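Here the structure is laid out as structure tokens; the discussion comes afterwards.
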Amino acid sequence: MDLNKLEQKISSIVETANHDEFIYELLLAYDLPRSSITRLKKGDYNQSKNANELIWKKNLFFKVEEKQDLHLVIDEANNNNEILKHHPRFLIVTDFERLLAVDTKTSDSLDIALTELSENYAFFLPWAGMEKTQIQNLNLADIKAAEKLAQLYDIIIQENHIESDQERHGLNIFLSRLLFCFFAEDTGIFEKGQFTNAIASHTQEDGSDLQDYLITLFNILNVKTRDKQPKHLKDFPYVNGGLFAVEYPAPRLNTKARKIIIDSGSLDWKEINPDIFGSMLQAVVHSDQRSNMGMHYTSVVNIMKVIEPLFLNDLREQLEKAQGSENKLKKVLSRLYNLRLFDPACGSGNFLIIAYKELCRLEIEVFQALQEIAPLNWSLAKSGLKLTQFYGIELDDFAHETAKLSLWLAEHQMNLAFKEVFGSAKPTLPLQDGGNIVCGNATRLDWEKVCPKEQGTEIYIMGNPPYVWSNDQSTEQKLDMKNILGDIKSYKYLDYICCWFRLSSNYTTDTNIKYAFVSTNSITQGQQVSIFWPNIYSMKQKPFFAHQSFKWGNNAKHNAGVTCVIIGICSESDINKKLLYSNDNVRTVKNINAYLLPNKDVFINKRNTQISQLPKMTYGNKAVDGGNLFLTPKEKNDITTSSSKSHLFIKRVVGATEFLYSKERWCLWIKDAELAYANSIPLIEERINQTKLSRLKSKDKGAQLLAARPHQFRDTNTSLNHTLLIPSASSERRTHLPIGMLDNTYIVTNRAHVIYDGDIFVFSILSSRMHLVWTHGTAGRLESRINYSSSICYNNFPFPDISEAQKLMLEDHVFNVLDEREKHSEKTMAELYDPDKMPDGLRQAHHEMDLAVERCYRKKPFTSDEERLEYLFKLYEEMIEAEKKGIKVKT
DNA sequence: GATCCGACAGGCG
DNA sequence: CGCCTGTCGGATC
């Protein structure tokens, strides 16, 4: 929804629409379906029997009332069950002079002159699917400005030949300067409206001389003294500051572009949030990102989660302790001025901007405290914070220009805040040196050149670097990985973000510098942990605070689908306390390990044999068939009715979904010797051919080789008797892993792990709380789901050697659990193991089985999952030690 | 030959 | 559109 257009439409409705059409036009403006509105007009949808009234289920109650007081009318409607039973979202009454409205969901109300309706368009945005909770933290000024810019950008691209990097860079600079001017004329840097008024009155309507005009103007902004120029140019103040220092071309512009520029003057630029706006702008110049504007910018909430524990809380504490002491307060000031903040993946600079604003607020507090105790010395408060304290690296040229610009805008906003408190502030113009934002690849630049470690400074590194897992890394990124992480064994399994952790640790070595990043949680789970983190630990660096997994979220229309963690790292010797955050909880813990658990440091390595006396677990059968070897019940039926012998080649197939939700699925399962016969059935032959084609098309060499036997899955494993099944990905909410026990007629796919013909008692181990706790602690995750693995989770699971008698006893419990499941054979496994719906009998059977399994470890019962995990980690280490020495652990 | 993972992806209410 | 929960097969060792 284009908010600028919406606002315009509403204002024209108010001006021109006749009274009968008013409400329908209004609904149309919010993009409600035209056909529904037509039927509403005809009366089909109108639930009201009264004249001058309209009730549209779930959407609207509308009444025209020209005699009574509108307040009484709307209150009455809001208490009228005949109206409310249709659940209208909005109640609106009007006499076409004033308009009153109530949002029945939020109880917000509106009481305005009808002419003010367009300014209040946001009130009815829920009609367009935008809830107030969504809009609340979202500045509509940002969206509207970004939309305007997008329109302008599109015209410039059409009218100008922009292809080379240099041309693109020129355009980026131009947009950045234009933005500055809009902002400047709305916030007192220029005269109010000076920029757009000058364009309106001194350039041709067709836009033909606008290009030259802007080039001239931008040049003048860089000149300190003017004389010969005409007055309308001379009146602009001297800006400088690098923004206008170098002469760049301006693009050709046309009538429409000129109009957009002039119209932009009426937007609310002073309401712009430089942090978020920058991210939206980025989407303007990358048209592929338009649909998800700002998907990857970090929300202010998450930025605070990084900077507060990293340095802000410490500064606040110091300020608290300094209250009443001029000396101590002066120390806080000098500490503020010696801070250096460095974001090596800064995007459009939102971390730096938020940090800058927070430091300014702190500085204001310090000055207030100083004025209180020594008013004579501190009557003239003058901010000493400088943009040059902020450092950044950004790959994208436009984003890096935006970051520089946004820092200036933030500086001006903070100057205004300063002025509000102290009555005066340093002048914004001429612009001072900006932030040290470098455009380039952070993995290839020398960070010490970007942000030199000067004596007496206190440096913090922070940000939200890019997450790219191995399969998605570009050739370029793979090269970066090799350069930064190449010395680490199996580094190719790591996420791209590890480059930033490595480089930060290198930068931080032998200093008291601290760093913290928002990261994908996958580097703290599964296989990446033991590949990556020992390298950081060996540099004597450790996490000193961490946020456990939380779902990524910001105000973008479409959020990125990823679950994040935040990790703060510094030299071990600099840590005095460790804070572990989970959701809204904080606790001080003795240790934060690389899994971000409050346990001792462990690294669970992949291994391909079992550390305990347990049978081999493998992966289910992988098809790599483009879907052609799988059959729905209907497809299976089509084949079996076409040929009487075809059922010989069809088997029931089970992956995680089929197992958990009792879904029926079949597959072709053909032995080499039967191939000729199978091929004689046309429906089967067709599928085999399609499989071959699909395999030949694959980028993967292994898949291409498989094209030689397209009648089969890549793997062809089955059991003689029974199969234990563990879903590879499954919900983390369950209190027990849903383990399957299948007979030998089933084929299991690679969506599940399997133990073929293993001892029955193993079922009890896999189902146990002990194993679940271990799994939660060590396995990889799909977001927050369990991504079970054999080489990390199962093969490393410590379980004592037990006697035959104990095995028999565990088996009894297994049959107990299976019996309990059988009692509810109509239910799916997902229902049975839903923590809210689990039948009592099954829960009890599992509980007894848990106790039996736990007695294998020790006599004393476990009292908490933390205790269980601690015990398992300890036993794991002992078993690894013992294995090295070639002995067995006594349990 | 074996397998871990997804700035996800698909279904449902 | 937000919530819930696991497909499929590439990239890696």
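Numbered from 1 within each chain, the chains take letters A, B, ... in sequence-line order. Everything numeric here is computed off the predicted structure, so don't read it as measured data.
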Please check if any side-chain donor atom of [X] sits under 3.5 Å from a side-chain acceptor atom of [Y], or the reverse.
| X | Y | value |
| --- | --- | --- |
| A:Asp495 | A:Thr520 | no |
| A:Lys305 | A:Asn302 | yes |
| A:Asn605 | A:Ser530 | yes |
| A:Asn521 | A:Gln548 | no |
| A:Ser791 | A:Ser789 | no |

What contact category does [X] fall into here, base, sugar-phosphate, or nothing, at under 4.0 angstrom with non-hydrogen atoms?
| X | answer |
| --- | --- |
| A:Ser522 | sugar-phosphate |
| A:Phe659 | nothing |
| A:Lys606 | sugar-phosphate |
| A:Gly620 | nothing |

Nearest-angstrom distance from the residue atom [atom1] of [X] to [atom2] of [N]:
| X | N | atom1 | atom2 | answer |
| --- | --- | --- | --- | --- |
| A:Leu737 | C:dT5 | CG | C1' | 15 Å |
| A:Asp625 | C:dG10 | CG | P | 11 Å |
| A:Tyr619 | C:dA11 | OH | C1' | 13 Å |
| A:Lys616 | B:dG1 | NZ | P | 14 Å |
| A:Leu660 | C:dC4 | CG | P | 17 Å |
| A:Arg665 | C:dT7 | CZ | C1' | 8 Å |

task: Can you sort out the partners of A:Arg785 under salt bridge (Lys or Arg N to Asp or Glu O under 4.0 Å), two or more places apart, ordered by chain and number?
output: A:Glu732
statement: Taken in chain and number order and not counting sequence neighbours, the residues that satisfy salt bridge (Lys or Arg N to Asp or Glu O under 4.0 Å) with A:Arg734 are none
task: For A:Lys551 and for A:Gly627, find the nucleotide of DNA chain C with the closest heavy atom, then tell me which residue's nucleotide is more 5'.
output: A:Lys551
task: Could you check A:Tyr661 against A:Asn750 and say which one's nearest nucleotide on DNA chain C is further toward the 5' end?
output: A:Tyr661
Closest to side chain of [X], choosing from [options]:
| X | options | answer |
| --- | --- | --- |
| A:Trp469 | C:dT5, B:dA7, B:dA2 | B:dA7 |
| A:Ala656 | C:dT7, B:dC5, C:dT5 | C:dT7 |
| A:Trp552 | B:dA7, B:dA2, C:dT7 | B:dA7 |

- prompt: For DNA chain C, which residues in residues 472-494 of chain A have a heavy atom at a distance below 4.0 Å?
  reply: A:Lys478, A:Ser490, A:Lys492, A:Tyr493
- prompt: For DNA chain C, which residues in residues 695-703 of chain A have a heavy atom at a distance below 4.0 Å?
  reply: A:Ser698, A:Asp700
statement: Output row for DNA chain B, stems defined as at least 3 consecutive Watson-Crick or G-U pairs under 3.5 Å, is B:1-6 with C:8-13, B:8-13 with C:1-6
- prompt: Using the benzene-type ring in the case of Trp, are the ring centres of A:Trp669 and A:Phe713 under 6.0 Å apart?
  reply: yes
task: Verify whether the ring centers belonging to A:Tyr515 and A:Trp500 lie closer than 6.0 Å.
output: no
Which heavy atom of [X] sits nearest a heavy atom of [Y], and at what distance?
| X | Y | answer |
| --- | --- | --- |
| A:Leu60 | A:Leu27 | CD2-CD1, 4.0 Å |
| A:Ala752 | A:Leu725 | CB-CG, 3.8 Å |
| A:Ile786 | A:Ser731 | CD1-O, 4.2 Å |
| A:Trp774 | A:Cys793 | NE1-O, 2.9 Å |

Residues in ring pair (Phe, Tyr, Trp, His ring centres under 6.0 Å) with [X], at least two apart?
| X | answer |
| --- | --- |
| A:Tyr788 | A:His753, A:His771 |
| A:Tyr121 | none |
| A:Tyr581 | A:His547 |

message: Is there a side-chain contact between A:Ser470 and the phosphate of C:dT12, meaning an N or O under 4.0 Å from OP1 or OP2?
response: yes
task: Report yes if at least one side-chain N or O of A:His753 is closer than 4.0 Å to OP1 or OP2 of B:dC4; otherwise report no.
output: yes
- prompt: How about A:Tyr496 and A:Met481: do any of their side-chain heavy atoms sit closer than 4.5 Å?
  reply: yes
- prompt: A:Lys837: what forms a side chain to side chain donor-acceptor pair (under 3.5 Å) with it, not counting sequence neighbours?
  reply: none
field: Lys/Arg-Asp/Glu bridge criterion (N-O < 4.0 Å) met for A:Asp625, A:Arg687
entry: no
- prompt: Would you call A:Asp487 and A:Arg502 a salt bridge, using N to O less than 4.0 angstrom?
  reply: yes
message: Looking at the base of C:dG10, is there any donor atom on it, or on the side chain of A:Lys622, that sits under 3.5 Å from an acceptor on the other one?
response: yes
- prompt: Does any donor-acceptor pair link the side chain of A:Arg734 with the base of C:dT5 at a separation under 3.5 Å?
  reply: no
message: Short of 4.0 Å, heavy atom to strand atom, which residues of residues 772-782 of chain A count as contacting DNA chain B?
response: A:Gly780, A:Arg781, A:Leu782
field: Sub-4.0 Å heavy-atom contacts from residues 785-795 of chain A onto DNA chain B, ordered by number
entry: A:Asn787, A:Ser789, A:Ser790, A:Ser791
A:Glu783 or A:Asn471, whichever maps to the more 5' nucleotide of DNA chain B: A:Asn471
Return the polar atom pairs (N/O with N/O) between nucleotides 10-13 of chain B and the protein under 3.5 Å, or none.
none

